Amino acid sequence: MGAQWKAKHKQDAANAKGRIFTKLAKEIAVAARNGADPDMNSKLRSAIETAKKASMPKDTLERAIKKGAGLLDGPANYETVVYEGFAPHQVPVIVECLTDNKNRSAQSIRQLFRKGQLATSGAVSWDFKHLGQIEAEATSSDADIELAAIEAGAQDFETSDDSEENEVVFLTEATDLDMVAKALPEFGYNVLTAKLVYRANNPVSLNDEQRAEVEAFLDAIDADDDVQNVYVGLAG
């Protein structure tokens, strides 16, 4: 869900899994407002793939689709609100909220940023790239990453340091995300997730003590019910 600082810490707590499902259900519901058929709705199709990768129960997934399409209890009235600011040690942060109460979200975010600095719109995002990110896996041993990236229209790709993993991340222009995701299967790659993300141009490097302080700050933000994605300019 955008929490890339957690890459080295596998989430195994049940409550963490529950928070992930809640966030995914909201994302699915919002996407389903434009139609409940994933074949005709690329945003919904991507959200469903992400939910399946996270092992969301089928009934939870289907309920989220129906809620978003207005088939249960009326349509989902969620709005996207973006906040920008700095974590401790001037680490830039972009927070995306998906909320049915903007006043509640604003109050929560102000409280959460007490140990950092909440900034105005544009104060941080200028130093991030807004781009498409596709996680995919090779369906055959002879799949050519570079050829797939070029032919599908991706701008770049990244591979895992883990030799046992066959997952690849393809990066695209924001406007090309759906086009590239649809093209990759032709070149031997099964798309796992496809979403728009923010990536920092100049991530900040910290020592272990400073990093632990920033991670605690980010974990508190990510745990808020209204927070959907957190993007941070923190060097790996």
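Because the structure is a prediction, the values reported are computed rather than measured. All residue numbers in this chain count up from 1 along the given sequence.
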Less than 4.0 Å between a side-chain N and a carboxylate O, is that true for Asp59 and Arg63?
-> no
So, for Tyr78 and Val30, which heavy atoms are closest and what is the spacing to 0.1 Å?
-> CB-CG2, 3.6 Å
Would you kindly confirm whether Tyr83 and Leu196 end up in one hydrophobic cluster when ILVMFWY residues are joined by side chain heavy atoms under 4.5 Å apart?
-> no
Residues Ala25 and Ala64: closest non-hydrogen pair is O-CB, 3.6 Å
Should Leu177 and Phe128 be counted in the same cluster of Ile, Leu, Val, Met, Phe, Trp and Tyr side chains packed under 4.5 Å apart?
-> no
Is a side-chain donor or acceptor of Glu96 paired with a backbone partner of Asn229 at a separation under 3.5 angstrom?
-> no
Other residues, nucleotides, ligands: >12 heavy atoms within 6.0 Å of Gln107 CD = no
Which distance, rounded to the nearest 0.5 Å, do you find between the NZ of Lys23 and the SG of Cys97?
-> 8.0 Å
Are any non-hydrogen side-chain atoms of Ile20 and Met56 less than 4.5 angstrom apart?
-> no
Kindly work out whether a path of hydrophobic side-chain contacts (I/L/V/M/F/W/Y, heavy atoms less than 4.5 Å apart) joins Leu118 to Val230.
-> yes
Start with the C-alpha distance between Thr22 and Asp225, add both sets of side-chain angles, then the distance that settles side chain to side chain contact (heavy atoms under 4.5 Å, CB included), and finish with yes or no.
-> CA-CA 8 Å; Thr22 298; Asp225 287 342; 5.6 Å; no
With the side chain counted from C-beta on, respond yes when Arg199 and Leu171 share a heavy-atom pair under 4.5 Å apart, and no when they do not.
-> yes
Going hydrophobic residue to hydrophobic residue with side-chain gaps under 4.5 angstrom, can you get from Phe157 over to Val197?
-> no
Between Ser55 and Phe21, which heavy-atom pair has the shortest distance, and what is it?
-> O-CZ, 3.5 Å
Lys NZ or Arg CZ of Lys115 over Phe217 ring: under 6.0 Å, within 45° = no
Is the backbone N or O of Gly35 less than 3.5 Å from a side-chain atom of Asn41, with the two atoms forming a donor-acceptor pair by type?
-> yes
Here the pair of heavy atoms bringing Ala87 nearest to Val214 is CB-CG1, 4.1 Å
Please check if the side chain of Lys102 supplies one atom and the backbone of Val81 the other of a donor-acceptor pair under 3.5 Å.
-> no
With the side chain counted from C-beta on, respond yes when Leu234 and Pro203 share a heavy-atom pair under 4.5 Å apart, and no when they do not.
-> no
Arg45 and Asp178 ion-paired at < 4.0 Å = yes
Using a strict cut-off of less than 4.0 Å between a Lys/Arg side-chain nitrogen and an Asp/Glu carboxylate oxygen, indicate whether Glu27 and Lys195 qualify as a salt bridge.
-> no
Pair Lys53 + Glu137: basic N to acidic O under 4.0 Å = no
Let me see the working for Ile28 and Leu44 under side chain to side chain contact (heavy atoms under 4.5 Å, CB included), right down to the final yes or no.
-> CA-CA 6 Å; Ile28 290 168; Leu44 176 59; 3.8 Å; yes
Any side-chain heavy-atom pair of Gln155 and Leu131 under 4.5 Å = no
Closest approach of Ala181 to Pro185 (non-hydrogen atoms, all atoms of both residues) | O-CD, 3.3 Å
Under 6.0 Å between the ring centres of Phe86 and Phe113?
-> no
Quick one: does Arg211's side chain have a donor or acceptor within less than 3.5 Å of a partner on Ala235's backbone?
-> yes
Is the side chain of Asp176 donor-acceptor paired with the backbone N or O of Met179 at a distance under 3.5 Å, no angle test?
-> no
Thr99 and side-chain contact (heavy atoms from CB on, under 4.5 Å): which partner among Asp226, Asp224, Thr80?
-> Asp226
Determine whether Val82 and Ile94 make a side-chain contact, defined as any pair of heavy atoms from C-beta on separated by less than 4.5 Å.
-> yes
Without swapping roles, check the side chain of Lys182 against the backbone of Ser42 for a donor-acceptor pair under 3.5 Å.
-> no
Taking the six-membered ring for Trp, are His130 and Tyr198 parallel (under 30°), tilted (30 to 60°) or perpendicular (over 60°)?
-> parallel
dist Leu218:CG -> Glu213:CD (nearest 0.5 Å) comes out at 11.0 Å
Report yes if the side chains of Val204 and Val232 come closer than 4.5 Å at any heavy-atom pair, otherwise no.
-> no
Look at the side-chain heavy atoms of Ile, Leu, Val, Met, Phe, Trp and Tyr, link any pair under 4.5 Å apart, and say whether Phe187 and Phe170 land in one connected group.
-> no
Derivation of the side chain to side chain contact (heavy atoms under 4.5 Å, CB included) call for Trp126 and Asn201 | CA-CA 9 Å; Trp126 67 271; Asn201 294 320; over 6 Å; no
Side chain to side chain contact (heavy atoms under 4.5 Å, CB included) evaluation trace for Glu167 with Leu192 = CA-CA 9 Å; Glu167 290 189 9; Leu192 302 173; 3.5 Å; yes
Between Val169 and Glu135 the two heavy atoms that sit nearest each other are CG2-CG, 4.2 Å
Would you give the length of the straight line joining atom CD1 of Ile48 to atom CG of Leu61, rounded to the nearest 0.5 angstrom?
-> 5.5 Å
